[in-house]
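Structure first, then comments.
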Amino acid sequence: MDATQKYLVDLLLEIDTICKKYDIQYFIDYGTTLGAIRHEGFIPWDDDIDINMTEENYYKWVEACKKELDPKKRVYCDNRLDRDFPGTFGRYIDVESIRISSNFAFWKPICGQCIDVFYFLELPGDPVKKQEKIDMYFAYDEYANHSYRHFRYKTDKQMEYYNSYKEMEKRIGREKTLEKIESQLFNQHYDDCDTYISVSARKFGPTSISPKSFYDDVYYADFEGHKFPISARYAESLTYYYGYDWNIYPAHKKHHSKMSHTGISCDDYVSDYMRVIDEKQLKEERKKAKDIQVEEGYLIGKHLDLIHEKLGKLQKLKIEKKLKELGVNVLDLCDASSPEKLATLDGIFSDYYSKQMMSSIRYWENYLDIGDDNFYGAMYNMLYTRNDLTSAIKLYKVRNANDFHPDEKFNRLYGLVGAACDIKAAMVYKDYEKASALIAEAVKNYPYSKEIKLFNIEIKVIEKDFETAEKLINEFMKDEPENDRCKKALGDIAFFKGDKETADKYYDDVMKNSNDGLLHLDIRKKRGA
């Protein structure tokens with residue numbers, strides 16, 4: 001850990017002490033959970049800790065902070081406690097330090113070193129009522145703060161709510177408007193609740209919407225030498241938030257803070273520049289800028305809808321032209337037993353992937369309509385040729401957000417994703433008996449899936465069936481001689497046989513060339529055993 005990370009762990013231990021004293025259940029979450037499982041601590045380049053809790057526990061937390069915190073040292077803020085605070089989520093802040101970033105606001109508490117505190121609101125189970133609450137909350141989240149536009153895209157309904165809040169403010173004032181909206185959103189309970197929305201409403205990064213079942217049970221994970229609570233269904237939640245390949249180190253390594261300094265207090269830092277700032281004028285200008293940003297984002301979204309519609313038509317024409325030139329039918333190419341057909345399929349859809357997977361299009365949930373048969377071909381290729389389940393899931397989510405009614409053949413194809421996710425979860429939880437049964441079934445249903453083949457290799461090694469494992473590895477590595485999971489499996493076979501020299505050779509290769517964090521973690525544990 002670097003100095004900032006060590007400091008954050010100390011703050012988290014303070015939170016943990018308060019929560020234990022007042023019987024408050026919380027979870028370290030999002031990137032912090034990812035770090036706990038992939039690294040048993042911080043993601044190395046991360047400088048942020050997130051925690052989450054249910055709304056009931058959150059109110060207990062707020063009251064506990066009022067009793068426990070010395071305001072000269074620590075404060076707790078959220079938008080309902082401090083209307084100038086920039087979001088509906090909260091922050092546990094050390095006011096004896098500063099944490100500087102280009103987008104931090106000017107007032108005193110916000111610039112201290114901190115831990116973000118999110119909490120869950122219940123959503124109704126009925127789909128129509130659920131969407132109504134989501135739209136209302138997304139509009140409220142933008143209205144309640146004047147600092148940040150959380151995401152550009154707004155649906156017509158969300159803008160309708162947002163504008164109605166501004167009109168209400170003209171009649172009854174901002175504070176009463178906020179109180180009225182909050183009475184409809186907060187402290188609401190539904191017998192049929194199966195989904196939470198977590199404050200604040202993010203469109204980038206982990207989604208704000210998550211299954212309630214993720215947080216029914218607790219697991220205590222290792223994090224920098226301490227045990228902290230996470231979701232007991234962490235494998236499923238990490239897949240949901242970060243994609244199937246959450247165990248892979250990303251090319252882009254996100255940093256939150258520009259600088260942290262524990263030797264200067266918030267008061268000293270803020271007072272130094274507030275001498276030359278007109279606070280009232282700044283707040284007025286900030287509010288105007290926020291309204292312009294929200295309206296601008298809405299209009300940009302409407303224009304992008306039209307652009308993406310035309311882009312989809314263009315992609316469909318390109319795909320159909322390629323198919324016609326080759327004299328083939330897209331469904332006939334969906335044959336995993338034929339490497340030649342899969343290679344042809346990959347060439348047909350490579351340009352479509354580059355357009356549909358552009359971040360702006362995915363975040364806007366715009367589906368480039370290439371026709372259902374072509375979409376089936378694109379998904380088939382993603383799963384069988386590229387073995388890219390994360391991208392396949394993203395494609396499906398975008399398509400599913402646009403009134404998609406999949407047929408039987410598509411449901412069977414996408415069943416491969418469900419099978420792989422279930423197997424991965426069982427393997428991560430070390431429930432090898434369940435994993436073995438799931439793998440055996442998947443091998444029968446999806447015999448050509450590379451992902452299922454790799455799982456089959458890994459379970460055979462765990463079961464000490466080395467002869468079968470080595471045979472499967474040799475077959476797989478004919479096509480992919482540098483596959484890191486196969487090399488790790490060969491290293492494990494040597495490790496279990498007591499051949500440390502051979503094991504180290506394979507492990508060194510994996511540690512040097514693989515970006516799979518779980519492989520790295522397991523190798524470190526074996527070497528430290």
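Separating the NZ atom in Lys355 from the CD atom in Gln315 is a distance of 5.5 Å, to the nearest 0.5 Å. For the atom pair Leu519 CG and Ile523 CD1, the distance stands at 6.0 Å (nearest 0.5 Å). The distance from the OG atom of Ser391 to the CG atom of Asn381 is 11.0 Å, given to the nearest 0.5 Å. Note that CD1 of Ile459 and CD1 of Ile423 are 9.5 Å apart. Values are rounded to the nearest 0.5 Å. One distance of note links CZ of Phe349 with CZ of Arg386; it measures 11.0 Å at 0.5 Å rounding. Note that CG of Asp499 is 11.5 Å distant from CG of Leu490, once rounded to the nearest 0.5 Å.
Checked by atom type, the side-chain pair Tyr352/Asn374 shows no donor-acceptor distance below 3.5 Å. Between the side chains of Thr88 and Tyr137, at least one donor N or O sits under 3.5 Å from an acceptor N or O. Of the N and O atoms on the side chains of Glu470 and Asn474, not one donor lies less than 3.5 Å from an acceptor on the other residue. Counting only N and O atoms by type, the side chains of Asn52 and Tyr30 include a donor and acceptor under 3.5 Å apart. Side chain to side chain, Lys424 and Asn247 meet the donor-acceptor criterion of an N or O pair below 3.5 Å. Inspection of the Lys130 and Thr195 side chains reveals an N or O donor paired with an N or O acceptor under 3.5 Å. Side-chain contact of Tyr162 with Gln158: a donor-acceptor pair under 3.5 Å is absent, judged by distance alone. Under 3.5 Å, the side chains of Tyr507 and Asp492 contain a donor-acceptor pair of N or O atoms.
Remark: side-chain polar atoms of Lys154 are not paired, donor with acceptor, to backbone N or O of Glu160 under 3.5 angstrom. A donor-acceptor contact shorter than 3.5 Å links the side chain of Thr390 to the backbone of Tyr244. Remark: the backbone N or O of Gly41 is not paired with any side-chain donor or acceptor of Glu224 at under 3.5 angstrom. When atom types are taken as modelled, the side chain of Tyr241 and the backbone of Gly31 share no donor-acceptor pair closer than 3.5 angstrom. Here the side chain of Tyr376 pairs no donor or acceptor atom with the backbone of Val330 at under 3.5 angstrom. A donor-acceptor pair is defined here as one N or O able to donate and one able to accept, closer than 3.5 Å; such a pair exists between the side chain of Thr33 and the backbone of Ile28.
Using a 4.5 Å heavy-atom threshold, the side chains of Leu383 and Leu389 count as touching. Side-chain contact between Val428 and Leu238 is absent, with no heavy-atom pair separated by less than 4.5 Å. Within the 4.5 Å cutoff, the side chain of Ile51 has no heavy atoms near those of the Thr32 side chain. Residues Lys409 and Leu331 have side chains in contact (heavy-atom distance under 4.5 Å, counting atoms from C-beta outward). At least one side-chain heavy atom of Asp222 sits less than 4.5 Å from a side-chain heavy atom of Lys227. Contact check for Asn57 versus Tyr26: no side-chain heavy atoms found under the 4.5 Å cut-off. With contacts defined as side-chain heavy-atom distances shorter than 4.5 Å, the pair Trp246/Leu34 qualifies. Asn187 places a side-chain heavy atom less than 4.5 Å from the side chain of Tyr59.
With a 6.0 Å radius and a threshold of 12 heavy atoms from other residues, nucleotides or ligands, Lys60 has its NZ atom above the threshold. No more than 12 heavy atoms of other residues, nucleotides or ligands lie within 6.0 Å of CD in Glu433, so this atom counts as exposed by the packing criterion. Within 6.0 Å of NZ on Lys471 lie no more than 12 heavy atoms contributed by other residues, nucleotides or ligands. For CG of Asp191, the number of neighbouring non-hydrogen atoms (other residues, nucleotides, ligands) closer than 6.0 Å is 12 at most.
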Atom pairs and distances, donor-acceptor, side-chain atoms in residues 332-339, under 3.5 Å, two or more places apart:
unit_1	atom_1	unit_2	atom_2	d
Asp335	OD1	Ser337	N	3.1
Asp335	OD1	Ser337	OG	2.5
Asp335	OD2	Ser337	OG	3.4
Ser338	OG	Glu340	OE1	3.4
Ser338	OG	Lys341	N	3.1

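Listed by first and then second residue, the salt bridge (charged side-chain N to carboxylate O under 4.0 Å, His left out) pairs involving residues 309-318 are Glu309-Lys313, Lys318-Asp351 (not counting sequence neighbours). Applying the salt bridge (charged side-chain N to carboxylate O under 4.0 Å, His left out) test to residues at least two apart or on different chains, the pairs with a partner in residues 441-456 are Glu441-Lys444, Lys450-Glu480, Glu451-Arg485.
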- Message: Please determine whether salt bridge (Lys or Arg N to Asp or Glu O under 4.0 Å) holds for the pair Asp422 and Lys434, giving the CA-CA distance in whole Å, both sets of side-chain angles, and the decisive distance to 0.1 Å.
- Response: CA-CA 9 Å; Asp422 289 344; Lys434 179 179 180 180; over 6 Å; no
- Please walk me through it: do Asp78 and Tyr58 pass side chain to side chain donor-acceptor pair (under 3.5 Å)? CA-CA 11 Å; Asp78 70 14; Tyr58 184 73; 2.5 Å; yes
- Is there a salt bridge (Lys or Arg N to Asp or Glu O under 4.0 Å) between Lys20 and Asp16 once you walk through the steps? CA-CA 6 Å; Lys20 285 176 179 175; Asp16 188 69; 3.0 Å; yes
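With Phe214 as the aromatic partner, Arg233 does not meet the cation-pi criteria of under 6.0 angstrom to the ring centre and within 45 degrees of the ring axis. Both tests hold for Lys157 against Tyr161: distance to the six-membered ring centre under 6.0 Å, angle to the ring axis within 45°. Cation-pi geometry between Lys397 and Tyr240 is met: under 6.0 angstrom from the ring centre, within 45 degrees of the axis.
Between Phe89 and Tyr119, the distance separating the two ring centers is not shorter than 6.0 angstrom. The six-membered or imidazole ring of Phe495 lies away from that of Tyr506, with a centre-to-centre distance of 6.0 Å or more. Side-chain rings of Tyr384 and Tyr446 stay apart, their centers remaining 6.0 Å or farther from each other. Between Phe404 and Tyr367, the distance from one ring center to the other does not fall under 6.0 angstrom.
The only option from Asp346, Val417, Asp388 that meets the side chain to side chain contact (heavy atoms under 4.5 Å, CB included) definition with Met382 turns out to be Asp388. Results of the ring-ring contact (aromatic ring centres under 6.0 Å, His included) test with Tyr234 over Phe27, Phe223, Tyr219 single out Tyr219 as the only residue that passes.
A salt bridge links Glu482 with Lys487: the distance from a Lys NZ or Arg NE/NH1/NH2 to an Asp or Glu carboxylate oxygen falls below 4.0 Å. By the 4.0 Å N-to-carboxylate-O rule, Asp516 lies too far from Lys488 to be salt-bridged with it. Taking the charged nitrogens against the carboxylate oxygens, Arg527 and Asp504 do have a contact shorter than 4.0 Å, which makes a salt bridge.
Taking the six-membered ring for Trp and thresholds of 30 and 60 degrees, Phe496 and Phe466 have nearly parallel ring planes, at less than 30 degrees apart.
Here Tyr249 pairs with His39, His520 under the ring pair (Phe, Tyr, Trp, His ring centres under 6.0 Å) rule; sequence neighbours left out. A search for side-chain hydrogen bond (donor to acceptor under 3.5 Å, both in side chains) contacts involving Asn515 returns nothing, not counting sequence neighbours. Under the ring pair (Phe, Tyr, Trp, His ring centres under 6.0 Å) criterion, Tyr414 pairs with Tyr396, sequence neighbours left out.
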